[in-house]
J.: 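Sharing a structure below in structure tokens format, with a few things to ask.
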Amino acid sequence: MSSPAPYAAEQRIAISAVLKASLVAQKVQHQLVGSGGVQKKDKSPVTVGDYTSQALVSALLFSHFPADRVIGEEDSSDLRKPEQAPVKDQIVRLASEALGESLALADEEQPWAQVKRAADGPRSEDDWLALIDRGNSEGGAQGRHWALDPIDGTKGFLRGGQYAVCLGLIEDGQVVVGVMGCPNLPVDPKQPDGEKGALFVAVKGQGAFQRSFASPALTRISMNSLSSLGSASFCESVEAGHSDHGTNARIAQLLGITKESTRMDSQAKYCSIARGDGDIYLRLPVSDTYEEKVWCVFALSVEASAWVVQVGGRPQQSYKDHSSGSLLVAEAGGLVSDMHGRALDFSLGRTLRGNKGVVAAPKEWHAKVIEAVQQAVEEGKKQ
Ligand SMILES: Nc1ncnc2c1ncn2[C@@H]1O[C@H](COP(=O)(O)O)[C@@H](OP(=O)(O)O)[C@H]1O
Ligand SMILES: [Mg+2]
Ligand SMILES: [Mg+2]
Ligand SMILES: [Mg+2]
């Protein structure tokens, strides 16, 4: 009998957890659109969706990999305040219901039944808050850490736009598994009004794949092969406060790109270039002090040239914002680096403090894009 592919169990559980969390987020998004969420200390928003997603993913990881640490964006400190009691009650109800529900029928063939058995014991309010707080790992160069961005693009989520549930496994500082759920992304980019809900998967060295929420079948994805940079299209954040639109535009001009940028919230940008909807992702910093989060960048950096993961939400950039995305892009045939062309370093803790900004592009064009980035940044300093 042949032995299972490396990380087969981790991939399976990560898919189940991300799917579960994505379905809850999809369920609550319509109630939350237009509201402001709860404001965190850093003034960024957090919602019932973010907390419930973190609690659920954490529960499933704890059931299956109890020794693994989790670097999650959220913690329960605000939820423990008396004025947040209604929010806390809603999270406990949603998470308990979701844990007890089956996934879509097609996923019953998956070992979800086992996942459920292991995880569906009754949980008290304190258990759920403790599960959220299991995301407190400081990360680092040794051991296994799951980087979790329970909802990346919370501002997009609150606007009714794109958002993503991002989960990546970092082993000894390397991103080895990345899974992202994008509830509002069309399954087929050629049918933007068709079925929504796309899930992306990458395992280091095994390629990048997508599936729909409804069916477990995985389809291999890859980045476009570009004959020239002038024909490329690029994507960037919707929020001008997250990425410098002016510098991004100048970089595009230097590369001869004539198409307007596609503005999209969240790490769905990594997914979109990994499957060829676009070609380049530019995330030039707006501030000198911001550090990207690990949970944001890691999917892109693996091998498919397809995904970058973003990590955290603290006052520095952390890697949960990049881990699953960077691996995805790498597995799809792209290269993800910082604005200086340096590899993203996921081994330094909760943030990518050794890096600045993120640039994802097809492997063969990446060096040219970095040259344009450097020129645009130098010009900006002279102004
Ligand atoms: N000043 C800043 N510069 C860069 N990124 C920032 C930022 N402030 C917040 N972010 C990050 O931008 C992420 C959203 O990215 P995007 O702009 O691509 O949608 C947020 O993730 P969360 O929504 O998980 O908090 C947050 O981590
Ligand atoms: Mg988030
Ligand atoms: Mg994020
Ligand atoms: Mg946040």
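One-based numbering, in listed order, for ligands and for the atoms of each.
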J.: Please confirm if an N, O or S atom belonging to Val46, backbone or side chain, lies less than 2.8 Å from the Mg ion (ligand 2).
T.: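 No - counting backbone and side chain alike, Val46 has no N, O or S atom under 2.8 Å.
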J.: Looking at the rings of Trp146 and Phe65, which for Trp means the six-membered one, are their centres under 6.0 Å apart?
T.: yes
J.: Taking just the N, O or S atoms of Asp152, which one is nearest to the Mg ion (ligand 3)?
T.: OD1
J.: State which residue, out of Asp133, Leu148, Val165, fulfils the side chain to side chain contact (heavy atoms under 4.5 Å, CB included) condition with Gln54.
T.: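 The side chain to side chain contact (heavy atoms under 4.5 Å, CB included) with Gln54 is passed solely by Leu148 among Asp133, Leu148, Val165.
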J.: Applying ring-ring contact (aromatic ring centres under 6.0 Å, His included), which residue pairs with at least one partner in residues 156-190 are found, sequence neighbours left out?
T.: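 Found Phe157-Tyr163.
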J.: Tell me which N, O or S atom of Glu73 sits nearest to the Mg ion (ligand 2).
T.: OE1
J.: Backbone or side chain, does Asp149 get an N/O/S atom under 2.8 Å to the Mg ion (ligand 3)?
T.: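 Yes.
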J.: Among residues at least two apart in sequence or on other chains, which ones pass salt bridge (charged side-chain N to carboxylate O under 4.0 Å, His left out) with Glu364?
T.: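 By the salt bridge (charged side-chain N to carboxylate O under 4.0 Å, His left out) rule, Glu364 matches no residue at all.
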